[in-house]
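In what follows, a single structure is set out as structure tokens and then discussed.
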Amino acid sequence: MTIEAILKEDIKKAIQKNFDVAADDIILQPTKKEFEGFYTFVTFSLSKAARRAPAEIGQMIGADLEANSSVVSHFNVVQGFLNLSLKDTTWLELFDDIQTNPAFGTFPENGQSVMIEFSSPNTNKPLHLGHLRNDFLGESLAKILKASGFDVVKTCLVNDRGIHICKSMLAYKELGNSETPASSGLKGDHLAGKYYVLFDKEYKQQIAQLISDGMTEDLAKKNAPWMLAAQKLLLLWENNDADTVALWKKMNGWVYEGFSQTYNKIGVSFDKTYYESETYLLGKNIIEEGLQRGVFFRKKDNSVWIDLTAEGLDEKLVLRGDGTSVYITQDLGTTELKFSDYHSNRYLWVVGNEQDYHFKVLFAILKRLGRPYAEECYHISYGMVDLPSGKMKSREGTVVDADELVDQMVQTAADRTQELGKIDDFESTEAIKLYDQLALGALKYFLLKVDPKKRMLFNPEESIDFQGHTGPFVQYTYARIRSIIRKAEQAGLSAELPSPAYKLHQAERELIFSLSLYPSKVLSAANEFAPSLISLYVFELAKVYNQFYAEVSIFADPNPEAVKFRIALSKIVSETIHKALELLGIDVPERM
RNA sequence: GGUUUCGUAGCUCAAUUGGAUAGAGCACCUGACUACGGAUCAGGAGGUUUGGGGUUCGAAUCCCUACGAGACCA
């Protein structure tokens, strides 16, 4: 039983005994820093039932706990807030529980499986900053869910077909001169992206030309020669034209090579990749099934719809009049495919909040169709990443390229580290590894510290900061503790729990308290799909340790019990930082 | 136009889901055992939580309204 559970139980008893009131679930909150105590119970809501003033209730419960609870040492009451302090023996027991539990913060398998889809790039351009938030969220959530007991399958749905792909293919056919990644020295995804941009440039000129020849803008957009050619290419592709398919395969192959380099660098991987080219025809049979069962209806123009007004949504097209699919058709098919492949208990999609409506519709349709997995589908909707200059617009060239960004971060990490000159004895491979750890630590932390649901601003100058609320701050705390542990080992000092009579320093109590919060943070992060909870926690833990470090002396304390205890505390803090950062996909350096 | 999300210190974000005098980091001032790693720590200043109403013991949080921003649907 956790301390919190014991406290709740004791408070419940005290309420029952003193006021003859059956208390429902007791809620405890951490005591604010300006007051003494660690756990606070708020008594206002009891006031009516107990027919006493909140402060009086606090006094009575507090006195009862002080006398009878096995864990409470003393208390104070401020207005309706009862603040509780624990016995030192309780703190030591609590720490011992943490210390002796190698699985601290990870939960046993719960028998549930979950599939999480994320990243899902288009193969017509390289990854950018927006993908990074998605990738880091997905990768981190997968780890958090695993730690909380789920069996996790990571998937990626690659958008590898469609008109946008044909655009870059067309531009390449027209202007490519057989250029390859090898001949140009460009990464494959960047090469494909280059032709996508070239298409857009030429296309715009063609539109302008047609307009100046007297055509309306709408018509010009539809009739520009390159647009017509791209659409023709799409038809050829759909009809399996050998040359077209060959070009498509060649260019996509380059892109995949480029993507895998990037994923590798940033530590992202998938258990299963789906390709839209293999799934885009799925779903039509589901439409047929739904029509027969009366879930969908056909309009005069032969298009198929569903009426979701009862769910507060609109009528939604699910199949065009000419029998071709829309996005939702494909998603119905792909979800069915996932289910038949894995039979997972839950399905998650990490997709930007611009698609909130799309997913509401998708899930509503799945429910109408009575799919067994319909109730366990979740859209992990995250906010867009803005720049100080405003939104990222690929057409306006304001996107932040992922590869460039990572390279810049690595360079900055190298510069900072060399300025400080603490690792001048490192081999160059060690140094390079460290720069990567710091660069990605900073970047991942920056993107994961904000509540995923919220839109966030990416300020390039702040993101490369290594001080304050950053990944490297936490990494630094870890490295410093590791240095202490090494020193302790050299001195032959072991990590040991002191005798029950040991009088704890306040900084030690705060450290144990902070440590004890970790498992519940893992669970909340999993329940709320919010890695930010782990980010905020690990930063707080690092701060508490740094305060402890500044306030007490570890090796110089005259009491040998204190020395060994503080080594033990340090060790567990370093391990917890390690675990927490791991959940964020961030590496820890031994020295920096 | 319809639907929807949001608005917190100069800037970037928190606030245990309705609880205490709204907290951190950055930036700005002031300080820290000459070695347990200063990429650190301690302190100062900085707020009518966009404005206005309401609900109650209590509101950044819930309801209404105005303004502002984003997204989606045509």
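Lettering of chains follows the sequences in order, A, B, ..., and the numbering in each one begins at 1. Fair warning: this is a prediction, and the values are worked out from it, not measured in the lab. Computed over heavy atoms, backbone and side chain alike; hydrogens, waters and symmetry mates excluded.
At whole-Å resolution of the value, NE2 in A:H469 and C1' in B:A39 are 15 Å apart.
Within a heavy-atom distance below 4.0 Å of RNA chain B, the residues of residues 539-572 of chain A found are A:F539, A:K543, A:N546, A:Q547, A:Y549, A:A550, A:V552, A:S553, A:I554, A:F555. Looking at residues 432-454 of chain A, you'll see A:L438, A:V450, A:D451, A:K454 sit with a heavy atom under 4.0 Å from some atom of RNA chain B. Residues from residues 476-497 of chain A lying near RNA chain B, meaning a heavy-atom separation below 4.0 Å, are A:Y476, A:A479, A:R480, A:S483, A:I484, A:K487 in numerical order.
Comparing B:C57 with B:G52, their P atoms sit 24 Å apart, to the nearest whole Å. Nucleotides B:A22 and B:C63 are separated by 24 Å at their P atoms, to the nearest Å. Look at the P atom in both B:G46 and B:G23: the space between them is 14 Å, to the nearest Å. The separation of B:C28 from B:A71, taken at their C1' atoms, amounts to 37 Å, rounded to a whole angstrom. Atom P of B:A42 sits at a distance of 15 Å from the matching atom of B:C33, rounded to the whole Å. Using atom P as the reference point in both B:C67 and B:C29, the two lie 42 Å apart (nearest Å).
Qualifying salt bridge (Lys or Arg N to Asp or Glu O under 4.0 Å) partners for A:K33, counting only residues two or more places apart in sequence or in other chains: A:E540. The side chain to side chain contact (heavy atoms under 4.5 Å, CB included) search around A:Q547 returns none, not counting sequence neighbours. Partners of A:S483 according to the side chain to side chain contact (heavy atoms under 4.5 Å, CB included) rule, which considers only residues two or more places apart in sequence or in another chain, are A:R486. Scored by the side chain to side chain contact (heavy atoms under 4.5 Å, CB included) test, A:Q59 finds A:F75, A:V77 as partners (sequence neighbours excluded). Residues satisfying the side chain to side chain contact (heavy atoms under 4.5 Å, CB included) test with A:Y476, not counting sequence neighbours, are A:K422, A:R480, A:M592. In this structure A:E510 satisfies the salt bridge (Lys or Arg N to Asp or Glu O under 4.0 Å) test with no other residue, sequence neighbours excluded.
Side-chain atoms of A:N159 and A:H164 include a donor-acceptor pair closer than 3.5 Å.
With a cut-off of 3.5 Å on both pairing distances, the Watson-Crick and G-U wobble pairs of RNA chain B assemble into stems of 3 or more at B:1-7 with B:67-73, B:10-13 with B:23-26, B:28-32 with B:40-44, B:50-54 with B:62-66.
Comparing A:N459 and A:N76 by the nucleotide of RNA chain B that holds the closest heavy atom to each, the one mapping nearer the 5' end is A:N459.
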Output side-chain donor-acceptor pairs under 3.5 Å for residues 41-50 of chain A, partner residues at least two apart or in another chain, one line each.
unit_1 : atom_1 : unit_2 : atom_2 : d
A:T43  : OG1    : A:P54  : O      : 2.9
A:T43  : OG1    : A:G80  : O      : 3.0
A:S47  : OG     : A:R52  : O      : 2.8

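Residue contacts for A:M384: at a heavy-atom cut-off of 4.0 Å it reaches no nucleic acid atom on any strand shown. Using a 4.0 Å heavy-atom criterion, one finds that A:S47 contacts no nucleic acid atom at all. Here A:E36 lies out of heavy-atom contact (under 4.0 Å) with every strand. Contact annotation for A:F473: backbone-only contact, meaning every heavy-atom pair under 4.0 Å involves sugar-phosphate atoms and none involves a base. A:L420 comes within 4.0 angstrom of a nucleotide base, judged by non-hydrogen atoms across all strands.
At a cut-off of 3.5 angstrom, the base of B:A20 holds at least one donor-acceptor pair with the side chain of A:T40.
Nucleotide B:U17 carries a syn base; the chi torsion (O4'-C1'-N9-C4 or O4'-C1'-N1-C2) is within 90° of 0.
The shortest distance between side-chain heavy atoms of A:W349 and A:Y378 does not fall below 4.5 Å.
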Pairwise N/O distances under 3.5 Å, protein to nucleotides 17-19 of chain B:
unit_1 : atom_1 : unit_2 : atom_2 : d
B:U17  : O4     : A:E528 : OE1    : 2.9
B:U17  : O4     : A:E528 : OE2    : 3.2

